[in-house]
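Every chain is numbered from 1, with letters handed out A, B, ... down the list of sequences.
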There are 2 protein chains.
Amino acid sequence: MSFEDGLTFDAFQEEFRLGKEDFCRDVFQENRETIQIKKEKTAVKNLSRIFDATFRICSRKGFRGMSMRDLSQESGLSMGGLYAYFRSKEELLNTLQRVGNHFIHRHLETTSRKGGDARQRLRIMIKTHLYLSEIVQPWFYFSYMEAKSMSRKERDFYKQAELFTENLILKILKQGVKEGQFADQDHQLAASVIKSMLQDWYLKRWKYSKREISVDRYAEFLIGFIESFYCLSQGSEG
Amino acid sequence: MSFEDGLTFDAFQEEFRLGKEDFCRDVFQENRETIQIKKEKTAVKNLSRIFDATFRICSRKGFRGMSMRDLSQESGLSMGGLYAYFRSKEELLNTLQRVGNHFIHRHLETTSRKGGDARQRLRIMIKTHLYLSEIVQPWFYFSYMEAKSMSRKERDFYKQAELFTENLILKILKQGVKEGQFADQDHQLAASVIKSMLQDWYLKRWKYSKREISVDRYAEFLIGFIESFYCLSQGSEG
DNA sequence: AGAAAAATCGAGCGATTGCTCGATTTTTCT
DNA sequence: AGAAAAATCGAGCAATCGCTCGATTTTTCT
């Protein structure tokens, strides 16, 4: 496949070399004091098992419906083993949220600084968001679904992250109008519904996998949809 | 306010005279055998208290995070009192889901049979969905968030309901193409993202209320957004 | 190989869970 | 007013919860 911006999922995946292992390394580095395990290799291996198990259980019961015995069985670690990584169940939730958000935030911000005209930047922003959510889908899904289960402080943090993404889109739309490239619409509402369409990709995975719709196809569709609303000239495809 | 189709939220609300009381009456009628209470008036009053309390608690902790003691305290009924209405916590969840879905299904189907050209029918469908979700927002939110907590049977039921709505939209889009009114797009994907934008209205209430965006304004925005993608001639506004 | 360090284990603690049921109160009859 | 029916109550049961900690196993040293 080849698109206007040259960005494809395969290329993206290669460039960033993301994956759950990097995620777990981040968690380990940022929680060295509380995690009782010393060796990175051991920690990363078990954190990965814990997270996988958490996502698997929570996608069925939700975080509060998951018991630590459930998690122990599913992850293969003992009760005591689990508590060598997290001081409490609550801390597991918060860590998962915080590190996930931080990870996503970092990548989106890098992306948002990339130059080009508004149209290009919109394309890149949409694709980056979709690609990220494709690679670490369980994190995105978990964050969204369990935001309400968090403490007030952590929940506010999540809402702020949600608005941050929306604002990145908003800025691009406004830039487009300034450059005479985009029509002058209700940007706030537009950014909001664009966000909801981006989220649908990781929230309704069951639907899109069954229909065998690739992330690139979804991305191209979204871009076309948005551009037909915003672009004054539907210019130069392909 | 006055729109092309003459449909406004106020008018809708008046016509259907919906509200939680009708909802609770439905629950009572459909569960006469299991509910130990005889008098409708008493049952409806207490069911209303139970549901309100459930939504309030679950929006913070999720269904599995809510204990029956939480529910007892928040609703003002005793433990024994609660179990006069539901034989188990699980049954409360299923009833809430089933009756909610049935209620929504009924109204959307009635709407979908209304005549007119594709453009009009699309407008009416979007507005009806938004208006319904505005009136019984807690039900929509709860259904969406707790679908994963349900038994396989009930979960499949929810997914089917989700696809039902999508199909209603899909049919209208295809009709529009046949009538030469709509462009020939990827209807399946279009219906899917339209659904996600409709859902955003009840999932992100915190955002839209803070920004003081009315349901009518949101509806008009969505319609404009979709029509710019689909309509061959952006014809006759107002 | 033997000792020190690191990692893993799971029985058991007190608190909380979903739920029951006999006692009590309120309402509706004659 | 008094009896029958309906509605409400909450202490208490067995099961499960989050979590601890001393014992045990595995790994890494010299």
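In terms of modelled atom types and a separation under 3.5 Å, the side chain of Arg49(A) and the main chain of Leu77(A) share no donor-acceptor contact.
Checking Tyr85(A) against Glu90(B), the closest nucleotide of DNA chain C that is more toward the 5' end is the one next to Tyr85(A). Positionally, the nearest nucleotide of DNA chain D for Thr42(B) lies more toward the 5' end than for the other of Phe63(A) and Thr42(B).
Taking Tyr85(A) as the reference, Asn46(A) meet the side-chain hydrogen bond (donor to acceptor under 3.5 Å, both in side chains) condition, with sequence neighbours excluded.
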Could you write out DNA chain C as a dot-bracket string, with dots for unpaired bases, | for bases paired across to another strand, and Watson-Crick or G-U pairs counted at under 3.5 Å?
||||||||||||||||||||||||||||||
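Exactly one residue among Tyr208(A), Tyr218(A), Phe140(A) makes a ring pair (Phe, Tyr, Trp, His ring centres under 6.0 Å) with Tyr202(A). That residue is Phe140(A).
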Might you work through the side-chain hydrogen bond (donor to acceptor under 3.5 Å, both in side chains) test for Asp10(B) and Tyr131(B), ending with a clear yes or no?
CA-CA 9 Å; Asp10(B) 291 340; Tyr131(B) 292 165; over 6 Å; no
Side chain to side chain contact (heavy atoms under 4.5 Å, CB included) assessment of Ser48(A) paired with Glu21(A):
CA-CA 7 Å; Ser48(A) 177; Glu21(A) 204 176 305; over 6 Å; no
Please walk me through it: do Ser149(B) and Glu146(B) pass side-chain hydrogen bond (donor to acceptor under 3.5 Å, both in side chains)?
CA-CA 5 Å; Ser149(B) 298; Glu146(B) 306 298 346; 3.3 Å; yes
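Between Lys38(B) atom NZ and dT8(D) atom P there is a gap of 13 Å when expressed in whole angstrom units. The NZ-P distance, from Lys41(A) to dA6(C), rounds to 17 Å in whole Å. When rounded to the nearest whole Å, the span between CG of Leu47(A) and C1' of dT8(C) equals 15 Å. The NZ-C1' distance, from Lys45(B) to dA7(D), rounds to 9 Å in whole Å. The separation between Leu93(A) atom CG and dG18(D) atom C1' is 15 Å, rounded to whole Å. Remark: C1' of dT17(C) and CZ of Arg64(A) are 14 Å apart, rounded to the nearest angstrom. Computed from coordinates, the Met68(B) CE to dA14(D) C1' distance equals 17 Å when rounded to whole Å. Going from atom CD1 of Ile35(B) over to atom P of dT8(D) covers 12 Å, rounded to whole Å.
Between Ser67(B) and the phosphate of dT17(C), there is a side-chain N or O to OP1/OP2 separation shorter than 4.0 Å.
Of the charged side-chain nitrogens involved, none lies within less than 4.0 Å of a carboxylate oxygen, so that Arg60(A) and Asp70(A) do not count as a salt-bridged pair. At a threshold of 4.0 Å, the pair Glu166(A)-Arg211(B) counts as salt-bridged, since one of the basic side-chain nitrogens sits closer than that to a carboxylate oxygen.
Here Ser88(A) lies in heavy-atom contact (under 4.0 Å) with sugar-phosphate atoms only.
Considering every non-hydrogen atom in both Tyr158(B) and Ala147(B), the closest pair reads CD2-CB, 3.5 Å.
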B/S/- along nucleotides 20-29 of chain C (protein heavy atoms under 4.0 Å) is BB-----SS-
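Below the 3.5 angstrom threshold, one finds a donor paired with an acceptor across the side chain of Arg69(B) and the base of dG12(D).
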